[in-house]
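Just so it is clear, the model here is predicted, and its values are computed rather than measured. Whatever order the structure lists them in is the order used to number ligands and atoms, beginning at 1. Each residue takes its place number in the sequence, starting with 1. Basis for what follows: all heavy atoms, side chains included, without hydrogens, waters or symmetry-related copies.
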Amino acid sequence: AKKMIVDCDAGMDDASALFLAAKAHKVGVLELVAITTTHGNTTLNNVVRNVARTLTAANLNQIPIYRGAHTSLVEPVVMDDPFHGSDGFGDSNHDEEPDLRHLQQEHAVNALVRLVKENPDEITLVALGPLTNLALAMRLDDQFASNLKELYIMGGNVEGIGNITVSAEFNFHCDPEAAYVVLQNIKCPTYIASWELCLHRAKLDWDWRINSYGAVDSPQCRLMNKIEAQTIARRYFDTYIVCDQLAVAAAIDPRYVTQKSLHYATVELSGNYTRGQMVVDYGKKIVGKTPNVYLIDRVDIELFKKMMLWSLDAPSV
Ligand code: BDR
Ligand code: CA
């Protein structure tokens with residue numbers, strides 16, 4: 001089974017994505033080696049607590065959790081995006097404290113460097129938040145990038161459509177310099193699930209969210225319904241938008257990606273409106289750089305829906 005580390009900023013869709021990874025681990029499709037945490041959707045402390053709650057719901061508390069970067073490399077982000085709520089979990093109330101027994105002392109960046117060094121060419125790294133931990137790992141160990149087996153990133157945008165500023169996607173916006181460092185140092189096959197993939201190509205109906213995904217009798221489903229109660233009530237978009245789940249699904253089952261394309265991509269670090277925007281040289285080689293990322297262009301939605309239900313332990317899948 002392939003070894004996977006998930007770096008995340010849970011986050012509601014991070015939780016749902018972790019359920020996919022957890023299920024794949026439980027059935028032996030992969031070995032979930034660690035969860036590393038970063039700032040992003042909420043404070044690092046909240047992220048750690050949210051990851052622990054998610055692992056408890058998946059009955060997988062033994063997976064080690066590592067605390068990572070608490071803020072971005074250069075410009076701290078003001079966390080005023082109401083989408084995930086002040087706790088990152090939709091301002092949901094929980095009766096019990098999270099189980100933090102498997103929270104490790106070692107810093108997430110050191111753990112990433114160590115685990116990848118111990119398992120050269122074996123680790124699939126999936127990044128679901130700002131890329132601060134990855135950039136620091138690349139700076140700490142110049143072999144880190146080349147020792148990775150593959151990298152999946154939810155982040156960036158391919159058409160200049162932003163979801164937090166006019167032209168930047170949230171994860172890249174939170175730490176543009178980290179995203180820049182990561183994209184400049186890629187040395188393994190790297191797959192990007194962009195914001196526009198989520199927005200245009202992977203849409204799910206609210207009816208499916210509520211009456212299929214939301215109707216499973218399991219702890220994982222109860223957690224998703226609890227933390228997404230406000231999202232469901234507010235219906236920010238016409239459809240139920242998923243993000244981090246797309247990157248994990250691609251890492252679990254290659255059949256899920258039905259079309260991808262190889263390009264050179266980097267990140268805009270300045271600009272009045274464009275800081276944090278991913279910039280893609282669409283195969284035109286205008287900037288003369290070697291292509292570094294596969295953009296995920298199309299996905300199999302029917303397979304994805306099955307995987308999402310499977311991740312909640314739905315009986316019929
Ligand atoms: C990304 O930002 C966060 O809000 C989500 O968890 C996802 O990782 C989408 O832009
Ligand atoms: Ca996330």
- Message: Measuring only between side-chain heavy atoms, which start at C-beta, is Asp13 closer than 4.5 Å to Val242?
- Response: no
- Taking all non-hydrogen atoms of both residues, which atom of Asn171 and which atom of Asp244 are closest, and how far apart? ND2-OD1, 4.4 Å
- Item | Atoms of ligand 1, numbered as shown, that sit under 4.0 Å from any heavy atom of Phe170 | 2 (O), 3 (C), 4 (O), 10 (O)
- N, O or S atom within Asp244 nearest to the Ca ion (ligand 2), by name: OD2
- Within Asp13, is some N, O or S atom less than 3.0 Å away from the Ca ion (ligand 2)? no
- Message: Is a donor from one side chain sitting under 3.5 angstrom from an acceptor on the other, for Glu150 and Thr124?
- Response: yes
- Task: Below 4.0 angstrom from a heavy atom of Asp244, which ligand 1 atoms are there? Numbered from 1 as shown, please.
- Result: 5 (C), 6 (O), 7 (C), 8 (O)
- Message: Geometry only, no angles: is Asp9 polar-contacting ligand 1 at N/O separations under 3.5 Å?
- Response: no
- Task: Show your working on salt bridge (Lys or Arg N to Asp or Glu O under 4.0 Å) between Lys3 and Glu122 and close with a plain yes or no.
- Result: CA-CA 6 Å; Lys3 295 185 166 80; Glu122 282 189 48; 2.8 Å; yes
- Does some side-chain heavy atom of Met308 sit less than 4.5 Å from a side-chain heavy atom of Ser16? yes
- Query: Is the closest N or O pair between Asp13 and ligand 1 shorter than 3.5 Å?
  - Reply: yes
- Task: Nearest 0.5 Å please: distance from the CZ atom of Arg114 over to the CG atom of Asp141.
- Result: 13.0 Å
- Is the Ca ion (ligand 2) less than 3.0 Å from at least one N/O/S atom of Ala10? no
- Query: Out of curiosity, Thr56 OG1 to His102 NE2, how far, rounded to the nearest 0.5 Å?
  - Reply: 9.5 Å
- Item | Closest to atom 3 (C) of ligand 1 (judged by heavy-atom distance), picking from Ile241, Ile153, Asn41, Leu128 | Asn41
- Interfacing atoms of ligand 1 (cut-off 4.0 Å, heavy-atom, Met154): 1 (C), 7 (C), 8 (O), 9 (C)
- Message: Under 4.0 Å from a heavy atom of Asn163: which atoms of ligand 1 are those, numbered in the order shown and with their elements?
- Response: 9 (C), 10 (O)
- Contact atoms of ligand 1, heavy-atom distance to His84 under 4.0 Å: 3 (C), 4 (O), 5 (C), 6 (O)
- NE2-CG distance between His84 and Asp14, expressed to the nearest 0.5 angstrom: 6.5 Å
- Counting each atom of ligand 1 from 1 as listed, which ones have a heavy atom of Glu169 under 4.0 Å away? 1 (C), 2 (O), 9 (C), 10 (O)
- Message: Working note: Thr38 + Asp9, criterion side chain to side chain donor-acceptor pair (under 3.5 Å); need CA distance, chi angles, decisive distance, verdict.
- Response: CA-CA 5 Å; Thr38 172; Asp9 65 334; over 6 Å; no
- Message: Given the Ca ion (ligand 2) as the apex, I'd like the angle to OD1 of Asp9 and O of Leu128, rounded to 10 degrees.
- Response: 90°
